[in-house]
Amino acid sequence: VVVLLFVDVHDGHDDGYAVVLADPVASFRQHIRTHELVALLSLLVNMMWSYAAVYTTDPGVVTERNVDQEVGRYAGDPDECKVTHMRRPARAKYCHTCKHLVARFDHHCPWTNACIGRNNYRHFLTFLAGGSLFFGYGSWLVMQVLARIEKGASVRQLMLTANQKYPKTALIMSLASSSASATAMML
């Protein structure tokens, strides 16, 4: 159940407005177009697919079986890993979170709870791009729906009116939009 509530309070009393969707499903259908919903769900499916690909794809773990192949992959003298005591191929690092030696180790991502290495780096970039598009489009879509709730006002008109009449509401709307975008960029 989704309830949108925007209230502006001045001098201890409520002289703002509130948009409450008592029946969220009916109100949502009334204010969102089918192609917008399809686009949003497509972006969500893409982001979730790439997340699953990052999480399930082996990042390039170096084991006793494949260490010779990995050492020959890149030029440079192999070192010894101080933790596993195996030959460490060039550009490989030990992940202290996963307890693995990973070829072309980039980092251990807390968002996906997986090492990002040679084999899943492309999936990770797809996840980042998909997340950014999903959150960016979702923020834009929320602003469009709010503009439609305000009886056909454009997003620009909604923001200008909110700034003049209800500055705290405009601040909440701006923070919601920018926080979603910032979250996507941090991915």
Side-chain angles (χ1 to χ4, degrees), residues 1-4 24 28 32 34-146 155 159 170-187:
V1 174
V2 176
V3 176
L4 294 177
F28 188 72
I32 193 166
T34 303
H35 69 277
E36 293 170 336
L37 185 60
V38 168
L40 186 67
L41 292 176
S42 298
L43 290 171
L44 177 64
V45 166
N46 177 45
M47 186 179 73
M48 297 308 293
W49 174 86
S50 56
Y51 169 79
V54 168
Y55 188 75
T56 58
T57 302
D58 173 30
V61 175
V62 178
T63 62
E64 291 290 338
R65 287 182 171 168
N66 67 357
V67 71
D68 294 330
Q69 178 185 1
E70 293 295 331
V71 167
R73 191 178 298 262
Y74 300 106
D77 294 330
D79 296 336
E80 182 180 309
C81 178
K82 294 177 181 164
V83 179
T84 62
H85 302 292
M86 287 191 315
R87 288 186 302 157
R88 185 177 62 87
R91 302 175 71 183
K93 302 256 186 323
Y94 183 79
C95 177
H96 292 279
T97 306
C98 293
K99 312 282 191 246
H100 293 294
L101 185 62
V102 179
R104 279 187 55 195
F105 180 75
D106 187 62
H107 69 287
H108 181 88
C109 180
W111 297 98
T112 60
N113 193 28
C115 289
I116 307 304
R118 184 191 70 234
N119 295 344
N120 64 355
Y121 194 74
R122 285 186 205 158
H123 298 302
F124 181 70
L125 291 178
T126 305
F127 174 67
L128 289 181
S132 297
L133 288 172
F134 174 74
F135 287 115
Y137 183 72
S139 298
W140 176 83
L141 192 57
V142 165
M143 299 304 287
Q144 292 296 319
V145 168
L146 288 174
V155 172
M159 290 304 288
L171 178 65
I172 290 170
M173 289 168 31
S174 298
L175 287 175
S177 176
S178 62
S179 68
S181 300
T183 302
M185 291 302 164
M186 287 177 18
L187 291 176

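Model, not experiment: these values are computed from the prediction.
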| note | Taken to the nearest 0.5 Å, the spacing of Asn46 CG from Thr126 OG1 works out to 7.0 Å
| request: Please test Glu36 against Tyr137 for side chain to side chain contact (heavy atoms under 4.5 Å, CB included), starting from the C-alpha separation and ending with a verdict. | output: CA-CA 9 Å; Glu36 293 170 336; Tyr137 183 72; 3.5 Å; yes
| note | Smallest heavy-atom separation, Met47 atom then Phe134 atom, equals CE-CD2, 4.0 Å
| query | Heavy-atom distance under 4.5 Å between the side chains of Arg88 and Val67, does that happen here? | reply | no
| Under 30°, 30 to 60°, or over 60°: which ring-plane class applies to Phe127 and Tyr51, parallel, tilted or perpendicular? | tilted
| Residue pair Arg118 / Phe105, side-chain heavy-atom distance below 4.5 Å | no
| Test item: Asn66 side-chain N/O and Val61 main-chain N/O as donor-acceptor pair under 3.5 Å | yes
| field | Closest approach of His96 to Val83 (non-hydrogen atoms, all atoms of both residues) | value | CE1-CG2, 4.0 Å
| field | Minimum-distance pair of heavy atoms, taken over all atoms of His123 and Ser50 | value | O-CB, 3.9 Å
| Could you state the interatomic distance from NE2 (His100) to OG1 (Thr63), rounded to the nearest 0.5 Å? | 10.5 Å
| task | Specify the closest pair of heavy atoms between Val54 and Asn120, including all atoms of both residues, with the distance to one decimal. | result | O-ND2, 3.3 Å
| task | Apply side chain to side chain contact (heavy atoms under 4.5 Å, CB included) to Ile116 and Val102, showing your working. | result | CA-CA 8 Å; Ile116 307 304; Val102 179; over 6 Å; no
| query | So does Tyr94 have more than 12 non-hydrogen atoms from other groups sitting under 6.0 Å from OH? | reply | yes
| remark: Heavy-atom nearest pair, Leu101 first then Arg87, reads CD2-O, 4.2 Å
| note | Tightest non-hydrogen contact, residues Leu40 and Gly138, listed as CD1-CA, 4.0 Å
| query | Nearest 0.5 Å, what's the NE2-NZ distance between His107 and Lys93? | reply | 14.0 Å
| Considering only heavy atoms from C-beta outward, does the side chain of Asn119 approach that of Pro59 to under 4.5 Å? | no
